[in-house]
Amino acid sequence: MSNQKSEPALPAGQLARADFPRFGLSRFATRFPTETQNVSLHIHGNLKSAVFLTEELTELERVEQISDFHCVTTWSKTGLHWSGYRFADFFNVFVASRVSRDKAVSHAVFHCQDGYRVSFLLEDLMRDNVLLADSLNQKNLGIDHGAPMRLVAPAHYGYKNAKHINGIEFLTDLGNYRPASLNFMEHPRARVALEERGKYIPGWILRYLYRPLIASAVKESRQALKEHLEMTPK
Ligand SMILES: Nc1nc2c(c(=O)[nH]1)N[C@H]1C(S)=C(S)[C@@H](COP(=O)(O)O)O[C@H]1N2
Ligand SMILES: [Mo]
């Protein structure tokens with residue numbers, strides 16, 4: 001028995017970090033959103049009609065959520081306070097009526113201002129703790145964490161939590177979809193509890209491949225943001 005005060009256990013293979021770094025693939029470290037204030041979402045795909053949503057989103061009930069964030073490279077940040085709209089509410093109000101009866105929409109692809117994209121199973125998105133968030137720790141989302149709007153899906157690894165979202169594509173299958181990362185890096189579900197870090201390679205092996213990359217990725221991402229902010233007029 002240890003005398004140390006016990007913290008709630010993190011999911012398998014995860015280690016807590018004190019800070020919450022801007023993070024991502026090297027390719028995206030130097031890419032930034034051009035619109036950080038106003039939300040504009042292009043809703044498209046296998047739907048009866050496409051639409052751009054902006055102000056309408058504010059009609060949805062605002063929800064607050066405190067949740068942990070788990071990056072696939074094994075770092076976790078606990079106790080983040082997000083605010084935004086439930087994805088399920090967004091879907092029911094703005095998307096459901098555009099789905100045609102004969103085309104069962106089963107997946108969504110999030111498109112981001114920095115060129116990032118990531119896929120999701122629709123059933124995973126419809127859970128209560130999946131948010132389209134515009135605020136973190138009582139402040140509007142910054143350019144570091146996904147301004148103007150990001151996905152928060154705490155049961156899924158960080159790479160599924162798309163930042164700077166400007167489009168959501170609803171699809172009947174992922175036949176033509178290509179991930180932004182290497183193919184093995186994007187698991188279709190990426191559930192943290194099942195350690196679905198990637199495809200083909202077991203999650204516990206990926207821990208050891210990814211962990212050594214964290215420090216340099218954090219540094220690169222921080223440096224790129226600093227340079228971007230110095231170049232951008234206030
Ligand atoms: N648009 C976009 N979304 C993204 C990424 C990115 O590079 N671009 N990186 C993903 C990865 S790998 C992680 S761990 C989280 C990091 O979120 P943070 O930068 O707010 O910490 O964002 C995810 N969403
Ligand atoms: Mo990540």
Side-chain angles (χ1 to χ4, degrees), residues 24 28 31-65 67 82-136 139-181 186 188-190:
F28 296 98
R31 300 190 194 173
F32 294 91
T34 50
E35 174 56 68
T36 58
Q37 305 295 315
N38 304 302
V39 177
S40 174
L41 300 181
H42 183 206
I43 308 305
H44 61 121
N46 303 137
L47 301 176
K48 286 187 281 192
S49 61
V51 65
F52 277 93
L53 298 176
T54 55
E55 301 284 293
E56 303 90 321
L57 290 168
T58 61
E59 294 162 21
L60 299 171
E61 180 198 351
R62 177 161 289 279
V63 295
E64 310 287 325
Q65 171 169 304
S67 49
W82 302 101
S83 171
Y85 309 104
R86 265 192 208 96
F87 182 92
D89 291 346
F90 151 81
F91 184 88
N92 292 332
V93 172
F94 297 112
V95 187
S97 62
R98 298 175 190 277
V99 174
S100 46
R101 279 166 177 280
D102 47 332
K103 285 195 234 153
V105 163
S106 55
H107 293 79
V109 174
F110 290 83
H111 296 271
C112 310
Q113 290 188 58
D114 58 353
Y116 188 76
R117 62 182 173 274
V118 74
S119 74
F120 242 106
L121 247 61
L122 188 57
E123 65 170 284
D124 286 341
L125 290 169
M126 296 301 274
R127 309 237 176 253
D128 251 11
N129 62 354
V130 178
L131 306 187
L132 288 168
D134 56 10
S135 147
L136 168 62
K139 288 192 211 121
N140 287 343
L141 275 186
I143 201 168
D144 48 350
H145 292 303
M149 182 163 274
R150 82 173 301 164
L151 193 75
V152 172
H156 304 263
Y157 284 114
Y159 67 85
K160 290 285 190 183
N161 292 238
K163 303 193 288 184
H164 320 301
I165 302 169
N166 62 1
I168 310 177
E169 188 180 4
F170 290 92
L171 297 170
T172 53
D173 65 75
L174 285 182
N176 293 320
Y177 171 73
R178 294 291 166 268
S181 55
E186 190 180 317
R189 302 188 78 173

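Atom set for the values below is all heavy atoms of this structure, side chains included, hydrogens, waters and symmetry mates excluded. Computed from a predicted model, the values in this text were never measured in an experiment.
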Considering residues at least two apart in sequence or located in another chain, which fulfil the side chain to side chain contact (heavy atoms under 4.5 Å, CB included) criterion with [X]?
X: Gln37; value: Glu35
X: Ser83; value: Arg62, Glu64, Ser135
X: Asp114; value: Phe28, Arg31, Cys112, Tyr116, His164
X: Asn140; value: none

Do you know which two heavy atoms are closest between [X] and [Y], and how far apart they sit?
X: Leu141; Y: Ala133; answer: CD1-O, 3.4 Å
X: Leu131; Y: Asp128; answer: CD2-O, 4.5 Å
X: Lys163; Y: His145; answer: CD-C, 3.7 Å
X: Asn161; Y: His156; answer: ND2-O, 3.4 Å
X: Met149; Y: Val39; answer: SD-CG1, 3.9 Å
X: Asn46; Y: Thr172; answer: OD1-N, 2.8 Å

Just how far is it from atom [atom1] of [X] to atom [atom2] of [Y], taken to the nearest 0.5 Å?
X: Tyr85; Y: Leu132; atom1: OH; atom2: CG; result: 9.5 Å
X: Leu122; Y: Phe87; atom1: CG; atom2: CZ; result: 6.0 Å
X: Ser119; Y: Tyr177; atom1: OG; atom2: OH; result: 4.5 Å
X: Leu41; Y: Thr54; atom1: CG; atom2: OG1; result: 9.0 Å
X: Leu171; Y: Asn176; atom1: CG; atom2: CG; result: 8.5 Å
X: His42; Y: Ile165; atom1: NE2; atom2: CD1; result: 15.0 Å

Hey, are the side chains of [X] and [Y] touching, using non-hydrogen atoms and a 4.5 Å cut-off?
X: Pro148; Y: Asp134; result: no
X: Gln65; Y: Asn129; result: yes
X: Val130; Y: Leu151; result: yes
X: Leu125; Y: Arg127; result: no
X: Ser181; Y: Tyr159; result: no
X: Val118; Y: Val109; result: no

Set of residues satisfying salt bridge (Lys or Arg N to Asp or Glu O under 4.0 Å) with respect to Lys160, sequence neighbours excluded: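 By the salt bridge (Lys or Arg N to Asp or Glu O under 4.0 Å) rule, Lys160 matches Glu186.
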Donor-acceptor check, side chain of Thr36 to backbone of Ala147, threshold 3.5 angstrom: yes or no? no
Short side-chain to backbone donor-acceptor contact, Glu169 and Phe110, under 3.5 Å: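 Answer holds: no.
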Which class fits the ring pair His111 and His44: parallel under 30°, tilted 30 to 60°, perpendicular over 60°? tilted
Using the side chain to side chain contact (heavy atoms under 4.5 Å, CB included) rule, take Val152 and Ser67 through it: C-alpha gap first, then chi angles, then the decisive distance, then the call. CA-CA 9 Å; Val152 172; Ser67 49; 4.2 Å; yes
Counting only pairs under 3.5 Å, give me each side-chain donor-acceptor contact of residues 88-101, with atom names and distances, residues two or more places apart or in other chains.
| from | atom 1 | to | atom 2 | distance (Å) |
| --- | --- | --- | --- | --- |
| Asn92 | ND2 | Ala88 | O | 3.1 |
| Arg98 | NE | Phe94 | O | 3.2 |
| Arg98 | NH1 | Ser49 | OG | 2.9 |

